[in-house]
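The chain is numbered in sequence order, starting from 1.
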Amino acid sequence: MKKLVTGILGSAALVFTASAGWGATLDDVKERGTLRCGVHTGLAGFAAPNDQGEWSGFDYDMCRAIAAAVFGDPSKVEAVPTNATERFPALQSGEIDVLARNTTWTLSRDTSLGFNFTGVNYYDGQGFMINSTKLPGINSALQLSGAAICVQTGTTTELNLADYFAANNMDYNPVVFQGFDETNAAYEAGRCDAYTTDQSGLYALRLTLANPDEHVVLPEIISKEPLGPAVRHGDDQWFDIVKWTLFAMIQAEELGITQANVEEMKGSDNPEIRRILGQEDDSSIGTVLGLENDWVVKIVSGVGNYGEVFERNIGQESPLKIARGLNQLWTKGGIQYAPPIR
């Protein structure tokens with residue numbers, strides 16, 4: 001009996017300890033008054049500052065959506081620029097609350113680094129770009145045997161590059177740089193024949209080049225790159241908040257809830273719409289997360305649904321004009337899909 005009581009008390013202590021750890025990040029963010037968000041140092045369309053130092057972009061809007069859910073104010077975000085090697089230590093050390101920086105979800109990152117990926121906000125794949133005036137006649141990555149290829153170190157890109165050339169029995173000369181800007185500058189200066197990174201990054205880089213029409217993104221996609229926000233292990237409540245913020249944006253698009261109509265939608269007769277917007281009687285749709293029940297209203301009114309964020313930053317309303325592709329909703333031929341919010 002003594003052993004049984006001891007075991008029960010021990011289990012209770014573990015539950016109490018775990019529960020006590022919940023909310024640590026949320027409490028810190030609220031006390032600070034801002035969300036510290038790790039973003040790219042400057043990737044057009046995804047996260048980049050303008051001349052006045054004001055940030056915008058697809059990934060940055062993920063940060064704004066989290067801030068809207070927590071504070072009801074999407075402006076309460078502090079952008080913390082990180083390069084490929086800085087991003088993980090910044091999250092591990094607590095310098096940032098969430099990493100929203102075109103980072104690929106992999107097994108090793110999800111386990112050995114002590115991170116939890118909260119979902120996929122962009123399905124991407126690695127590709128190659130060349131200057132067509134310097135390499136006329138090249139229309140496939142399989143024609144790049146012996147080429148010098150610019151690549152950023154500390155990324156899955158570097159590993160995928162080696163795998164691709166080995167699998168196709170081709171040689172190549174890696175021209176490796178640590179920083180994103182260094183890699184871009186080397187490619188534009190002609191120090192390599194081709195540039196490899198995620199295709200989204202290639203389209204963004206192409207816009208910044210002196211003669212973008214000379215540069216061609218080759219058709220091959222050589223990897224799966226599911227990109228998404230990451231948080232530290234050990235805080236399930238914060239993990240849930242970031243995860244369901246993304247899912248809420250996707251579900252809002254599927255239900256036709258937009259920035260323009262979200263207030264009107266609060267009066268909808270559709271039970272699913274009423275539920276997601278916190279309009280049900282005795283709703284706990286937000287309190288179970290430690291948020292207000294109208295947290296989804298705050299996200300959509302302040303930032304927009306997933307489709308709106310995509311189109312204005314990197315889609316057809318943006319200079320990048322990237323097609324939705326796999327990032328289209330599952331109801332429209334893509335694979336973006338949110339679990340039920342109920």
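Of the possible donor and acceptor atoms, one in the side chain of Glu311 sits under 3.5 Å from a partner among the backbone N and O of Gln316. A side-chain donor-acceptor contact under 3.5 Å links Thr82 to the backbone of Val39. Formation of a donor-acceptor pair under 3.5 Å by the Asp294 side chain with backbone atoms of Gly278 is not found in this model. Although no hydrogens or angles enter the test, the distance criterion places a donor-acceptor pair under 3.5 Å between the side chain of Asn327 and the main chain of Tyr123. Listed for the Arg324 side chain is no donor-acceptor partner under 3.5 Å among the backbone atoms of Gly315. Side-chain N or O atoms of Ser284 include none that pairs as donor or acceptor with a backbone N or O of Thr287 at under 3.5 Å. At distances below 3.5 Å, not a single donor-acceptor pair connects side-chain atoms of Glu182 with backbone N or O atoms of Phe177. Between the side chain of Asn50 and the main chain of Glu54, a donor-acceptor pair closer than 3.5 Å is present. Judged purely by atom type and a 3.5 angstrom limit, Thr245 uses its side chain to pair as donor or acceptor with the backbone of Ile241. Glu78 contributes no side-chain N or O that, together with a main-chain N or O of Cys37, makes up a donor-acceptor pair within less than 3.5 Å.
The closest side-chain heavy-atom distance from Pro226 to Thr104 is below 4.5 Å. In this structure, the side chains of Val70 and Trp238 come closer than 4.5 Å at one or more pairs of heavy atoms. A 4.5 Å side-chain heavy-atom check between Ile257 and Leu277 finds at least one atom pair inside the cut-off. Here the side chains of Met249 and Asp61 are not in contact, with every heavy-atom distance at 4.5 Å or above. Counting heavy atoms from C-beta outward, Glu253 and Gln328 have side chains that approach closer than 4.5 Å. Two residues are said to be in side-chain contact when any heavy atoms from C-beta on lie closer than 4.5 Å; Gln259 and Ile299 fail this criterion. Annotation: side chain of Thr156 is in contact with side chain of Thr106 (closest heavy-atom distance under 4.5 Å). Inter-residue side-chain proximity for Val175 and Ile149 is flagged as unmet; no heavy-atom pair is nearer than 4.5 Å.
Enclosure of atom NZ in Lys332 is not indicated, since only 12 or fewer non-hydrogen atoms of other residues, nucleotides or ligands lie within 6.0 angstrom. In Gln279, the CD atom is crowded: over 12 heavy atoms of neighbouring residues, nucleotides or ligands sit closer than 6.0 Å.
In plain terms, the two heavy atoms of Pro49 and Thr41 that are nearest each other are CD-O, 4.3 Å. Between Leu91 and Ala230, the shortest heavy-atom contact is CD2-O, 3.7 Å. Heavy-atom minimum distance, Ile314 versus Gly45: CG2-O, 3.3 Å. Leu291 and Ala69 make their closest contact through CD2-O, 3.6 Å (heavy atoms, listed as atom of the first residue, atom of the second, distance). Nearest heavy-atom pair across Ser318 and Asn313 is CB-O, 3.2 Å. When all heavy atoms are compared, the tightest approach of Asn293 to Gly286 is OD1-N, 2.9 Å.
Using a cutoff of 4.0 Å between basic side-chain nitrogens and carboxylate oxygens, Glu272 and Arg275 are not scored as salt-bridged.
If you check the side chains of Gln199 and Glu225, you find no donor sitting under 3.5 Å from an acceptor. For the residue pair Asn121 and Tyr306, no side-chain donor N or O sits within less than 3.5 Å of a side-chain acceptor on the partner.
Applying the side-chain hydrogen bond (donor to acceptor under 3.5 Å, both in side chains) test between Gln178 and each of Thr183, Thr85, Thr153 identifies Thr85 as the sole match. The one candidate from Trp55, Phe180, Phe46 that meets the ring pair (Phe, Tyr, Trp, His ring centres under 6.0 Å) condition with His40 is Phe180.
Remark: Arg109 is not positioned above the aromatic ring of Phe88, lacking an NZ or CZ atom under 6.0 angstrom from the ring centre and at most 45 degrees off the axis. Judged by the 6.0 Å and 45° rule, Lys243 forms a cation-pi pair with Phe239.
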Take Leu161 and Gln126 through the side chain to side chain contact (heavy atoms under 4.5 Å, CB included) test and state the conclusion after the steps. CA-CA 9 Å; Leu161 175 64; Gln126 185 173 332; 4.2 Å; yes
Checking Arg32 against Asp97 for the salt bridge (Lys or Arg N to Asp or Glu O under 4.0 Å) test, could you report, in this order, the C-alpha distance in whole Å, the side-chain angles of both residues, the deciding distance, and whether it holds? CA-CA 11 Å; Arg32 187 190 311 125; Asp97 305 307; 2.8 Å; yes
Under the criterion side chain to side chain contact (heavy atoms under 4.5 Å, CB included), I'd like the reasoning laid out for Lys134 against Asp193: C-alpha separation, chi angles, the key distance, then a yes or no. CA-CA 8 Å; Lys134 295 181 179 179; Asp193 301 307; over 6 Å; no
For a side chain to side chain contact (heavy atoms under 4.5 Å, CB included) check, start with the C-alpha distance between Asp235 and Gln237, then their side-chain angles and the critical distance, and finish with the verdict. CA-CA 6 Å; Asp235 190 338; Gln237 185 189 36; 3.8 Å; yes
Passes side chain to side chain contact (heavy atoms under 4.5 Å, CB included), Asn305 versus Gln251? Steps please. CA-CA 8 Å; Asn305 67 36; Gln251 190 65 20; over 6 Å; no
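Once rounded to the nearest 0.5 Å, the distance linking CE of Met129 with OH of Tyr187 reads 4.5 Å. With rounding to the nearest 0.5 Å, the separation of OH in Tyr164 from OG1 in Thr157 is 15.0 Å. Rounding to the nearest 0.5 angstrom, the gap separating the CD1 atom in Ile96 from the CZ atom in Arg36 is 10.5 Å. The structure places OG1 of Thr331 at 11.0 Å from OH of Tyr337, a figure rounded to the nearest 0.5 Å. If you take CZ on Arg274 and CG on Asp269, they are separated by 7.5 Å, rounding to the nearest 0.5 Å. A distance of 7.0 Å separates CG of Asn83 from CD of Gln152, quoted to the nearest 0.5 Å.
Note on Leu209: it clusters hydrophobically with Ile322, by side-chain heavy-atom contacts below 4.5 Å among ILVMFWY residues. No path of Ile, Leu, Val, Met, Phe, Trp and Tyr side chains, each step under 4.5 Å between heavy atoms, connects Ile138 with Ile221, placing them in separate hydrophobic clusters. Hydrophobic clustering, with ILVMFWY side chains joined whenever heavy atoms are under 4.5 angstrom apart, groups Tyr122 together with Leu207. There is no path of hydrophobic side-chain contacts, each under 4.5 Å, that joins Leu202 to Leu144. By the criterion of side-chain heavy atoms lying less than 4.5 angstrom apart, applied directly or through intervening Ile, Leu, Val, Met, Phe, Trp or Tyr residues, Leu205 is grouped together with Val217 in one hydrophobic cluster.
For Asn131, the side chain to side chain donor-acceptor pair (under 3.5 Å) partners are Thr133, not counting sequence neighbours. When the salt bridge (charged side-chain N to carboxylate O under 4.0 Å, His left out) test is applied to Arg191, no partner is found at least two apart in sequence or on another chain.
Taking the six-membered ring where the residue is Trp, Phe165 and Phe128 present perpendicular rings, their angle passing 60° and hence far from 30°.
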